[in-house]
Each structure stands twice: as C-alpha cells, then as structure tokens.
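Chain A is the first sequence line, chain B the second, and so forth, proteins listed ahead of strands; every chain is numbered from 1. From a predicted model like this one, the values you see are computed outputs, not experimental measurements.
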Number of protein chains: 6
Amino acid sequence: MKNVAYQKGFGNYFESECLPVLQSQNSPQAIPFGLYAEQLSGTAFTVPRHEQQRTWLYRIRPSVVHTPFIPYDLPRFCAVTKENSVIDPNQFRWNPIKFSEDVDFIHGVTTIAGQGNPGCRSGLAIHVYSFNKNMNNKAMNNSDGDFLFVLQEGSLSFRTEMGIIEANPGEIVVVQRGIRFSVDLCNGTTKARGYMLEVYDRHFELPELGPIGSNGLAYAHDFLYPTASYQDLDNITFEIYNKYQGKFFKSTTFHSIFDIVAWKGNYCPFKYDLKKFNTINTVSFDHPDPSIFTVLTVKSGQPGVALADFVIFPPR
Amino acid sequence: MKNVAYQKGFGNYFESECLPVLQSQNSPQAIPFGLYAEQLSGTAFTVPRHEQQRTWLYRIRPSVVHTPFIPYDLPRFCAVTKENSVIDPNQFRWNPIKFSEDVDFIHGVTTIAGQGNPGCRSGLAIHVYSFNKNMNNKAMNNSDGDFLFVLQEGSLSFRTEMGIIEANPGEIVVVQRGIRFSVDLCNGTTKARGYMLEVYDRHFELPELGPIGSNGLAYAHDFLYPTASYQDLDNITFEIYNKYQGKFFKSTTFHSIFDIVAWKGNYCPFKYDLKKFNTINTVSFDHPDPSIFTVLTVKSGQPGVALADFVIFPPR
Amino acid sequence: MKNVAYQKGFGNYFESECLPVLQSQNSPQAIPFGLYAEQLSGTAFTVPRHEQQRTWLYRIRPSVVHTPFIPYDLPRFCAVTKENSVIDPNQFRWNPIKFSEDVDFIHGVTTIAGQGNPGCRSGLAIHVYSFNKNMNNKAMNNSDGDFLFVLQEGSLSFRTEMGIIEANPGEIVVVQRGIRFSVDLCNGTTKARGYMLEVYDRHFELPELGPIGSNGLAYAHDFLYPTASYQDLDNITFEIYNKYQGKFFKSTTFHSIFDIVAWKGNYCPFKYDLKKFNTINTVSFDHPDPSIFTVLTVKSGQPGVALADFVIFPPR
Amino acid sequence: MKNVAYQKGFGNYFESECLPVLQSQNSPQAIPFGLYAEQLSGTAFTVPRHEQQRTWLYRIRPSVVHTPFIPYDLPRFCAVTKENSVIDPNQFRWNPIKFSEDVDFIHGVTTIAGQGNPGCRSGLAIHVYSFNKNMNNKAMNNSDGDFLFVLQEGSLSFRTEMGIIEANPGEIVVVQRGIRFSVDLCNGTTKARGYMLEVYDRHFELPELGPIGSNGLAYAHDFLYPTASYQDLDNITFEIYNKYQGKFFKSTTFHSIFDIVAWKGNYCPFKYDLKKFNTINTVSFDHPDPSIFTVLTVKSGQPGVALADFVIFPPR
Amino acid sequence: MKNVAYQKGFGNYFESECLPVLQSQNSPQAIPFGLYAEQLSGTAFTVPRHEQQRTWLYRIRPSVVHTPFIPYDLPRFCAVTKENSVIDPNQFRWNPIKFSEDVDFIHGVTTIAGQGNPGCRSGLAIHVYSFNKNMNNKAMNNSDGDFLFVLQEGSLSFRTEMGIIEANPGEIVVVQRGIRFSVDLCNGTTKARGYMLEVYDRHFELPELGPIGSNGLAYAHDFLYPTASYQDLDNITFEIYNKYQGKFFKSTTFHSIFDIVAWKGNYCPFKYDLKKFNTINTVSFDHPDPSIFTVLTVKSGQPGVALADFVIFPPR
Amino acid sequence: MKNVAYQKGFGNYFESECLPVLQSQNSPQAIPFGLYAEQLSGTAFTVPRHEQQRTWLYRIRPSVVHTPFIPYDLPRFCAVTKENSVIDPNQFRWNPIKFSEDVDFIHGVTTIAGQGNPGCRSGLAIHVYSFNKNMNNKAMNNSDGDFLFVLQEGSLSFRTEMGIIEANPGEIVVVQRGIRFSVDLCNGTTKARGYMLEVYDRHFELPELGPIGSNGLAYAHDFLYPTASYQDLDNITFEIYNKYQGKFFKSTTFHSIFDIVAWKGNYCPFKYDLKKFNTINTVSFDHPDPSIFTVLTVKSGQPGVALADFVIFPPR
C-alpha cells in the first residue's frame, strides 16, 4: 500500500485540506480559489447535537452539475423485496463465492439476503462482492443507506469524496449514504472478495458500554478517517451509478467528481482494524450473550434494540 | 380438570424443575442427566433490565434436531396482507362461528382480520378457532408473534415447553412467540371455540396505572404460570407446524419436543381469570374512556400509544 | 368575506356554542334540546396530557346515522403506492396547474407525490387542487390523515363540523383526520387553485424553539380557530365522501351533517396568516439550515427528526 | 360577590385587555397609550414548548420603578429551616386556628410546617391565614414560590396583576411566583381563615391520567382565569412586601402597581371549584391509593414522583 | 444455622403465609382470624409499574398501636452533617474496629462517614457495627433509608417483619426503609462485626448490563427473600428504636411487632452470597473501570450516574 | 505570546504526545520510558457514551506522590454559604475591581457571589481575579468544580497538565475539576484582572440548537485545546493548592507535577474566542429571549433548564 494519512477518533469533528481554504465561517462570501461550499447532511438538521452528522465540502465544481439520471440495469445488486424473495424458516449457510473475472466492483456485487425497504428507510441488505478490475472514472452513490465492507480476500483502495482509505482483510470500512466513492484493488492485489452490510435507517455507532465503563470493546481512537485528496480532471467522461430505492440509475459528468480540496465535519467514511478489539468476557463461569462482542451498532428508537449489530467472535 | 400446579406473579423470575437440575450457573460444564441447556430469548439481549424476557431450558435433546421445514398449506390460518384482504370503512360484526367437526386446533383456526406484516414485526391478526379433536404428537411454533386466547366455549389444555396450563371460558391464555405448544380439549369437553389475538411486535404487558396508584385493574398476583412437565417419548413421529411470515411450514422429529426437565426465567406462557379484574370507574358523573378497562397492553415506542389493548367491559 | 368570528391560541382548550348547552360535565344524562354528545378523539386515550387532542360535540343527530359506505371512483385523488408510482432520483419541478372547469373541490384534486401508506398510518401525500364550483350538500371525511391547505389563488370558505374558516392566499388551513368539511369559493372568487399536504401519522405542531426561547417563529396567538355554526337541514340528500386507505367511499344522509350546536375541546381545524411569521436568522455570517423557517412540524418518535415540516422562505 | 368575568381552560394561552392594545407582535416599537411591554417568565426560556409559562404585560409604568427593598420583620410568615424547626417523628394534628383581629392578610399568616429551602428552589411550606382587614395600597410579591390557597371560611377577593379573582370556601386559588397580588375580604365577609400551600420548585399541573384516558379527575375547562383590570392611581403611597428566601423585604412606589391595561400569555393566577371534581374509584373491591384523588400536582424530575400533590377526599 | 426457607428472584412479586389468609383481593371486608391489612409503600404510588415497590401485610395488631416517640440518645449512630463532621481531602483508611463488649446491635453501631442529609432524602452514611448481645424484645425502624449490611465476622440472624434471614460472612443483607427488624447472633456465634451502607434516596437495584446482555454480574435468581414468620406475644414490653432525620426516638408496645401472619408484594429484605457473582472482565488487554464489578446500585435521576454503587473485587 | 499549538473541535477525542508513547492500548504492561499511565475521569464511568469525559495521562511520576494536605487559609477565595453570605433581593452592580499588587493568581481571587454547596455538587460561585506576579512552582487543583475564565485585562498563560493555553481579553478559558494548573502573565503583560464562573455539578457544553439546525451560535471547530507539554524538574519544592468543599488545603511535592509526556482523551481544558460567535436574532420584529446568545451551558437533569449559562450580548 502507498502511504495514506489518516485522522483518528470515532465521531470526531475533523478538518482536512489539500490547499489552504478553511476558515471559522462555513460559507464565506468569497472562498479561496473560487471553490464551492456545500454542506452534506447525514442527519436531520434538528437532531440533538450529539447525534448531528454533517460535513462542509469545498469543491472545484458544484456537485449538481451532471446529466439526468437514467435507469441502469444491475439486477444482482438490489434490495430484497417481497416480489423478488423467498421466505424460508430454515437456517442457511453459503459456500465461498466464486471469484468473478473481468468485472469491476460495481458489476461484481450480488445481493444475497435482506429485510425491509429502502423506500421507507427501514431494514437492511447483505451483499457479497467479487471483482478483478478497477473502476476507471466511475463512482457509486448509494442513496439508500450506509455500507459496511468486511474484507475477506484482497486489499482494497476506497477513493471517497473525503479522501482515500486503503484496507486489508481483517479490516472493515464504512461508507455512508450519499458519499460518492469508487473501490479499486490495491497495488499487488489482483482479485478481491468479501461482504457488505447495508443499513437503510440510521448510521453505525459504537455501542453503549453500560457497566463496562469508559473503556472496552472497540476504542474510539482506533477508527481512522481519510484526509482530503482531490483530482482536478476536466474534459473526461465520468460516470455516476446511483442506487436509489433498490434500483440503479446512471448519470454522466465531464470532470472527476472527486474534486474536494478541503472539508470539515464529522460525516465521513472510516476504517477499523478488528485486531484492535478489546474483548470482554466472563472470567468465572457461563458465557455472556453475543452482544458483548459488538463492534458497531445501528440503533433503533427503542432503547437496547438494534436495527443491526456488527459482531465479531474473537479467539479466546 | 386434573390437578395442575401454577406459579404466581406477572413477569416474575421463576424456577421450576421435575428433576433436580437447577444451579446458580446457567450453563455449567456438566449438567445432571446429560441434559442440554438452551436460552430462549423473548427480547433483544441489550434491552433495559426491566424489559428483559428470557428463559433457560434444560432438555433431553437439543431443540435443533428436526428435519428441514417444508411448506404446508393452511390457507385459512394466515396473516392478512394487501394481496388477500378487502378494505372497507364500514363497521363489522360477526355471527358466532360454526363448530368444526373432525379437526384439531391447528386445522381449526380461521383468520378474520389483520393489519401490518409479520415480516416487519409490525401489526396484528385476529383469528377464531373451533375444533373437536386433540393434537396427537403435534406441536405448533409461531415465529410471527404472541397469541392471546379468549376462551368462549370448551375448556382447553395447553401443553407448552414450560408446562401445562388448563383454562376455562372466562379465562385468557397467552403463549409467546417461539414457545412450542399444543392445544387439546380438557377431559369432559367435546368441542371448543373462541378467539385469538396475535401481535407481531412486542409482548403483552400490564398497563401503567398512572394516578390509580399501585393497585387496580388486573393484579400481578392473579397471573398464573405453569410448572415444568416433560415427556420422555422416543421413536415416535412428532410433527412441528411453524408459522413464519404468515405461512406454514412443517418439520418432523422422532421424539416429543416437550422434553424440558427444568427451566428458569421469565419468558413463559400464562393465564388470567377475567373475574379477578378490579374495575375502576367514575363514581360521580360522565364516563371515562374505555382505556380504563385495559387488562393487557402491547406498548409501542410512543408513550401512551398502544399497538394493541385487550380490554373487557365488566358488569357495573 | 363575510364576518367570521375566531378564537385564538394554538392547541388551546376552547368552548363554543350557538345555543346554550355547555356544562362542566361532558355527557350529562339530559342534554338541552335533546342533543347528542359525542367525543371525537384525535389521539390515543392514554397519551401524555400535553399531547391529548379531543373534542366533545353536541349535535342534533348522531353521526352514525348514514347509509353504508360504497366504493366511489376518484382515481386522481389517492395515495401514492408502490403499484401506482414511479421511482426517479432526479429533481422535479411542476408547472402551474391548469384551472379546472365545472368541478367542485372534491373532484378537483390531483395527487402528485407521496411516500408510505395510510393503512399503516405512516407517510404523506402531496396534492394540488383546482375548482370553480361549490360543494352543495356534500362533505368530505378523510380517515387517512390531516390536510394542510396552502392557498395559492382564490379565497376559500371551509365549512367544518366545528364552524367556518375563511382564508385568503397567503394563509394556510389545517383540517384534521375525521373532521368532516366542505370547501367552497368565497363570495367574489370564481376559481381557486393551491396545494395540500396530507400526513398520515401524527398531527401538526409548532416546532420546539430550543435556544430561541419562548418567542419566535410562528406565535401561538396567531392561530385562529372557528366558532360553532350549525345547519338544521332535514329531508335533504347529503353526501359524505370518505377517503379511507387511499380509496374513496360514499354514503348518504338525509340531513346536513353540519349540525353541531356547541363543542368544547382542542381537536379543531385552524388557519394561520404566513405574514405574521417572526423570522429568525443569522445577523453575523453564514446562513442557518432551513429548519429555522419551520412554521409547523409533524414529529416522529425520534427526537429532532420530523415526519414532515412546513417551511417558508420569508423575504429578508 | 360582584360580577367578575373569567376565562376558561387550564394552561391555555389567553389574551385580555381593558383598552385596545394587543397586536400580533409582543413588543412593537410604539405601543398604544405609551404603555410599557414586559415579559414575565414562569419557566426557563428554553424548556420544551408544552412546559413554557410566560405572560406579556402592557402597563402604565415600568415595574422596576420602586424604592430599594429593605428588610421587614414578619417572623410568623417564613420558611421552615433547620434553625427554626423541630424534628419529631410523631403524627400531628392541629386545632382550628383562632380568628385574628385587626390584621390584614399579610400580617395574618402563620407558617406551621415545611421542608427544604427556598434559596435552593427545593421544598415547600404550609401556612394558615386569618385576618379581618383589607390591604389598602399594599401588595405582596412572593419570590420564593407558588401559593395554593384553600379557603375554609370567608369569601376572598384576590387583586392580581392579571386581574381579579373572587373565591368562596370550597374553591382553591393559585397565585404563582412573582405575580404581585393583594387579598381582601369580599363584600359581606367580615373575617376569613384558611390554608396555604407554598411550593418552591415547579408549578402546579394537572396530573397525568394514565389509563383513565382523556377525561376524569379535574377537568381543564373548570379552571378559571381573570381578565385584565387596572388601577390608574398616581401620587399615592403603595407598599410592596417581597418574600425572598424566606424573609420579608419592603419597598414603596407612588402609584398602584396594579396598572396592567392588557396582557397575553399563560402564566396567570387561577381558581377551581372542588365540587366539579370528577371522582374515579374502584367499583368492584379493595380501594385505590389516594393518588387517584389528585387535583393538582407539582412534578419532580423523576417520573411519577411528585414534589407535592393537592388531593381531596370526596364523599362517595 | 437453623433451617430457614427462602424465596428467590430479585424484585419478584412474592406471597408468603404462615396461616391461610391470602386472597386475590388486597383488603377484603373480612380477613381471616380478624387480621389487619396494611400496605407498606416503598415508592411513590404513581411511579412507573416496573419501579413500584410495596407489600401488603396481614398482622395481628395494627402497626400504629404504640406509645408516642420520645428522643433517645445514640450519638455514635447518626447522620453525618455539617455540624458534626470534618472536611479533609486526604485519603483515609480505617483499622479494624475493636469488638465491643456487652452491647446489642443497636448500641454497637458507629457512624464513620457520610454525605448529604436524610431530611432531604439525599446522600448516604457509612457505619460499622460490633456487638455480642442479642436484642430482646427490641426492634429498629429506620425512617431515613435502606441499610446494606456487609458481614465481616460472625453469622447474623435478622428478624424482619417479612420473616427471618440468616447470613454468614461473605453474604450481604439489605433491609429497606420502614421495615422493622432486629439483628441477633446466630447460634454458635459469640460476637460479630461488619459494615453498613445506608442510602437516603432510592432503593438498591441490579445494575443495567448494557452489551453484557441478559446474563452476567449478579444473577437475579441468587437473591433470597424470607418467608412469613410471626410471633404472637402479648403482655410484654417491646421497644421500637426509630432513626428519623439522623436522630433516634423510642416508643413502646405491649406485644411483639413481628406479628405478620402473611404478606404479599415486592418490598422485602433480601440477602445475596457474593461468591455467586459472575465476574466479567477483559480477556485481551488493559483493564476496565471498576463499574464492571457492581453488585447493586442506587440510581440517580441522571442516566449512568449512581448515588451509590456496591462493588466487589473478585479474585481473578 | 509565544507560538502555542492547539487542537480543534469541542468535545473531540484527542491524542497528543511530546515523546512517542501512545498505542492502541491504554495501559500496556510496559510503557516506554517507564512512564505511569493514569486515567482522569470527568464523568461517572457508566454515563452514556456521548457524555463520557476522561483522559489517559502518561506521566513521569505517579500523581499520588505528595505530602498530606493541610489546611491553608485563603478566606477571600471560597464558596458562598449560608454562614458567610447576605440575602438581598435588590439588584447589584459592581465597580471595576482594583488591581492588586504583589500577589499571584491564587492569592488574587475574591469570591463575590454564589449559590448552593460544593459538598453537594450543586450550585455555583462567581469570583474576580487581579494579580501581577507569576506562580512559581505552584499549582492549583480545584476539587469543587470547573472554572470558566473571562479575561478582562491582561493576557494570561495557563499551564495545565494537558499543556499550555495562552489567552487574550475577549477570549474565555475553561479548566475542569481535578485538572491541575497554574496561571501566569504572558510576556509583555504586567497585571491582569477578570472574572471566573465556577460550577459545581456538570461540565460546560455547547447548547442544543433546536430549529437553528446544525450550524449557528458557537461553532465546535473554534474551540482550541492544548498539546502535550511537560517539565522534567526534580529536586525542587512544588506546592499544590487544593480547593475542596470551599476550603483550601496545601501539599508539597519535590518535582514539577506538570510532567505529562503524552495524553489521549476528551477531558481537557480549552479556550474560545468570543469574536467567532455566529449571532442569530430576529430579522423581522420583536426580540428573542437572551438564551439565543448562549455560548456554553451547564445542563441540569430537567430538559431546557440550565444550571448555568454563559451568554454574550454581541453588537448587532
């Protein structure tokens, strides 16, 4: 992997810039280099302050400059709905997926299970990915929810609007709704496969610790966030694949949409190395419920009831 | 009715054993008689302590030993969905249902109304039952929600994994999601009919009392829970009917699944005699809203808004 | 407009009577003039006191006296459902709607967008209206949700069960679920058009003010509620159009259903003049999120997340 | 009693004016008749909207025009503190208090019990009053808490900044912190005695009703609030007695401080006739806790735990 | 120790009777044997149902029959107040207390530290006890708070109104406010010493478990509650020592006040054997905060902030 | 001022080190350079995650190495208590304080007002400071609460355990309970005076923004936190002045206690420049309550009721 710089601290407010742009104001009258200030909101404007997620982006061209979205057929990468699914109360187990040939990430995803409905912002989907080509001048935008990637084989390079994240198997990467990104193979990696959890409602959070106190499970300081990194590419054909209510749509721009020169905020992709998990368990008898191994959770409105938990079973 | 023993106290933590098994530990390394310890969870692991519902079961054979589930056609006993229902704003009233001949409980249920969707764990269904045969070596498992039985005619004997409940007309019985049970006629009863309320989301609770204080409406000590009772039947054919997302599936074991020798916990079927309801009402003028007659409620996340209320109108 | 009297104060408990009927009791044994006392509940009986919405109505004939509801075809005025809608991630803008000729309000409504499902009491719809005839001896009943009318052209006269509201362009009018009403043109108005927001879940509320304190945005005292006004019309044919789960049904009575002589409570239609909005904004730099212009909101169960906000952009 | 007009509805937003002053704005640049606009806050500025209590007052002279406060000795009317109290675990009962001669209200109050400390805004006091003279050109201001008067003998006339309340035995009157008032005898009454409950923390509220629903106990519409009534008296000597942290202070003005020409808001004294209480009780067996007879309550931060309850025992 | 029977389950609703008295009703018109029904409330009447603590007692004589309380001097067993305490920021450690000679429990208690004020129901005290005589026909009543006893040396026998608890070193015993009790030495024990934690506000609860799930730390089923046990002793002199606001008062009856023949409810003393604690800890690196060893906690109104925690440090 | 480096973001999790020490683990078995790892907790261990405040410190010598604390007389710098205060309901205004000669910070503080009691962790105090000498080898530790400094004249240099903060008039500085610090004059400053607000209960927070949304008032990114900075001074006499329950105590060490080589966490002093405040106000009519100018607040348990607000009145 090349040398990628990160910032630390789950949920921190960050500032990052490739060129000197940032000021105390968010959208001053005159922004250096003629950049455009845009706010990307990850939560409703009026949620309590500790739940606020949003980022100010300073970019070369406004994000709304693109051709209209037209439907694009990607039937294997979808939402699981009543119409396209089978109900079966038996337990399931999957064989390892085959490596796909000659496909990039976006064409190498297969949805295998799900519940709920992205149109109602309720439920989740589980996908597998397998690919061996890079996405060139293409980006994905997921309007439906947040992705949590579990890398199984092959190191990946995520180019996102906020910067670059490189990850190895054993690490997880989260890219939230509305943040455009591409997924490529790291140098030296020729093929990759793994899993993706997609949640349609709220964002991933660190679980409450209860009597465990102020340290334990995943530590906030082990979550790594990218630093600003931009492409100033013009007069090119750049494609955006937007997943919206479980269907794909495609649009074109004539510049790279990875043109963010600086940003500040706390709505940003991140990665975490599962080896750093501080495992808590009984040291006397019996064994606790698996909730004690929760790395990240998506809360519902009902206290203690998660919409989704990402849990690991560490070696004891 | 034969002499059935009960334990008292709504929501209590109980312990019951036919053979001496229980210890302070839940799943010790060596369990007497080579039994298997299984935890049955009625709530998410991490809900607040006063909402926790779960039971530890000590059984002769693991519950997972059964043939795969295959679809089974029971079209009258279902969920009410958009596809199979009629929308009509007029008020409805039903004639008494006819007594069915030559059917057992599971084949004698007809769904008459409903709302929502068990696949989303949201909503409810209303069923009527009418039957005159016992279920022999058959059990039902409802993966969709909790049943509240209102006995209209005929005394019933419920064999559940936690033990036996016998009930007469004027009593109600609740059997929660995932607890396997059969319903037979009590000695001296030749046919039975009545109603069933099924709720897909949370469990039945006693309503909050507000200014009524610490006594009133249904008393916690009038709710009766069974004591452990097991069958050690082997080399038989035993059928499990599983209702899952509004459809039925069937599986076979070669032993009785009512093989629980001891249990401890608070997730357990119960019954209540409606004659014991302590009625509160105005003693000066006007009349209160019918919420004052609530026996059991299923809370939603919104304070004071129930998903379902079971209400009686007592003689004044 | 004729001289219409109003009462003031958002969410106040009101009393209004055309004839002297009201007493401290709600449903005394003998009501003057042989009237019928009916309670119309806008919220569950057991919600916290500050969320309670209900009104006691004293009427000439019971509201349940009408012929059965039969389906009535109004395909343009509906709910937006999976079956009848198109999913498109592009931004939309609508041209002004054309004025319709020879239709009354109820036949002059077209649904243009929506989300969710009135059968689950979740989601919303957006309609436009355009008409040039009065509804004679007809009333609408919406079982699905509350309407917020935004008047664009033409002054309207709303006859509701609680009385008459007249409104001009620049004003908004809210008529809640289950309150029967008709919409006519005010004297001097020959045609009208505008918008309607329909919400299926909770009711419109004033937004919380947070650090703004106890004054700001829309003032409670600028919301105007009607006074009792009844018709004692008998031996006529009067039609009720009921929207229920996105479909229309029609029923007939032989008297005016606007026969309420007195009422008391806080579940009642109201109007508000947008010119009275007290605008708050930054006075130093940057610009706040548009939530700062919220006139009315429909809360969800999640703090700070609205189901719908009605927001205006006042001239600065 | 003379003919006093009232407004109805517990916690309503009211408007009342003797002269036409009120506008949609609260403090316009130019107020008619050169009046002064003052906001009197009964709650912190930022409490949730349904807890907000405040009133805008339009008065002839600013309320801050008075001589400095100097200590005034009223040792019998005080707070009960560690220094001046006896701790005794036995039950107490009091004989009827003797009628005092030649004293007005303010000099006729004796504190008999208490808890907590007005300086910390925590706790309460119980006083008795007995007097036979009117307060002439005197007013009391209680900086410590709210008074609830229980009239035992003698009809009273309360002149408050918001207007006049007249009350008979069997009625209760609440005057909140910071609202200046005088207490006189009604015409035809020669002496009076009764009880006063003073609470230092929050305000009196109607209790939550829980399963009782939306009607029952004290009805919101039976609480009566005064209408604006002012004195334009100048060149007089007018005394203000301020109770602050359990001690009295006195100040002088040279005009009547009852000079409010109009007001709007919901922070206002009120009265209630206990005969209108809708009593709820068991109609089958046992008897509920006395909380079921609560007329008004002062909530603490802990759900269901009151700082003080005013409870009546109605005849059954 | 003699053979003492217990009931199991923290916070359960229990029923226990020496003679057949209990019925579904709480206070029927005619109680068997002419007993008196009394409700002892451990919480406000209107707290949420899951916080309700109260017990119905059926006793031979009413509890109010006793001589008036008169002050009794016990200066070493008190509350720690501003007047009688020293403020010192240094850390403290105590030598083992000396065994007292010729004193019973009530005269063998010394208060060593404290905070707050029982008169405000806020704060706590820490006491040590050392005694070698039994209390004969004496009982203590603590009006100030709940005691948690930590037995260091000597087995103790607690006679309480709800029955007898015997405990050894390594066990803890909780006796709540208002439950009268005596503490004697078990057979074979000649002297005893240990610690007492007294809390003035709420009651001890099991801590929330957060991600630990539904099992872990102290198990609900290991908490043991007594069964009914009464003395029918008449024509004796029996002394009650009441601690009220940090001072002692004494009263006399002429019968044993341990005359409760049956009881039902959940406000009751209990014991717990610390060896049964299921210890949770890190199994990878670092060490968690000591909150992970919490056995019992007294919650404050602020989530996650305890008024007092009882914590053990188990051997690892 | 010299060149001091800061980190940005209110409430962020930070990491700072002078020497390479920090690892993912908090207290590894072997810490580089033989440092000691200590956790400083600003909140209870078990508060919800978003309220957690704590910092891990890596220091040369353990913080517990010091001589015992002995009382030290500083009568002008104290808590305001019932014994030492005057109650007066009149409004107060203070003249500018005189500059003190020949005193350092700790001897130059005068308490002028207060409420509550640090021993109960309830209430606040207001102090003024005036001094012209630096504290040499002295540090203050406040066990009672958090200080918010308002600089009026003279630039100050705060040496704290987490590093150095330099501030000018127009800036505010917060140093929390238990963080040891000294206050000196910046180069070029010969004397200083200003104000200090001390709060005994919770910590300062940014206020909720309500409808203002996700930007407005003080911006999180304008709060500046120090970077690690240590002294390795041995064989010196170093004095610690500890304020505990309103009284001072003094202790000695023989090394500088500012010996922290690295730290990580979010419990840390900070500063804010009031000129960066984004003022929100009405832009139409009337004026909002002053809560709209809140920079920092100390929440109570009651929603919307602050224990203390720090508010500025910016020029419009």
Side-chain angles (χ1 to χ4, degrees), chain A residues 10 48-51 170 204-222 272-316, chain E residues 10 48-51 170 204-222 272-316:
Chain A
F10 191 89
R49 197 181 264 273
H50 72 268
E51 296 180 6
F204 289 97
E205 293 177 69
L206 290 173
E208 289 297 327
L209 290 178
I212 296 173
S214 60
N215 305 291
L217 308 189
Y219 284 174
H221 59 252
D222 289 327
Y272 175 72
D273 182 350
L274 297 172
K275 286 191 301 295
K276 297 196 171 163
F277 190 75
N278 180 10
T279 309
I280 306 287
N281 208 330
T282 178
V283 295
S284 43
F285 53 80
D286 285 353
H287 27 252
D289 293 318
S291 52
I292 207 167
F293 303 127
T294 304
V295 180
L296 289 169
T297 188
V298 182
K299 290 187 184 169
S300 76
Q302 197 182 342
V305 180
L307 298 172
D309 282 325
F310 179 71
V311 174
I312 57 172
F313 293 90
R316 192 157 173 189
Chain E
F10 192 88
R49 196 180 265 274
H50 71 270
E51 296 181 7
F204 289 97
E205 293 178 69
L206 290 173
E208 288 298 328
L209 290 178
I212 296 173
S214 59
N215 305 292
L217 308 190
Y219 285 174
H221 59 252
D222 289 326
Y272 175 71
D273 181 350
L274 298 172
K275 286 191 301 295
K276 298 195 171 162
F277 189 74
N278 180 9
T279 309
I280 306 288
N281 210 330
T282 177
V283 294
S284 43
F285 53 80
D286 285 351
H287 27 252
D289 293 316
S291 52
I292 207 168
F293 303 128
T294 305
V295 180
L296 289 169
T297 188
V298 182
K299 291 186 182 166
S300 77
Q302 197 181 341
V305 180
L307 297 174
D309 282 325
F310 178 71
V311 174
I312 57 172
F313 292 90
R316 193 162 171 183

#### Entry: Residues of residues 292-300 of chain A near chain E, each having a heavy atom less than 4.5 Å away
A/I292
### Query
Heavy atoms under 4.5 Å from chain E: which residues of residues 204-222 of chain A carry them?
A/E208, A/L209, A/G210, A/P211, A/I212, A/G213, A/S214, A/N215, A/L217, A/Y219
### Query
Looking only at heavy atoms, what is the nearest atom pair of E/I280 and A/T282, with distance?
CD1-CA, 3.7 Å
### Task
Indicate yes or no for a side-chain donor-acceptor contact from E/S284 to the backbone of A/T279 under 3.5 Å, with no hydrogens or angles considered.
yes
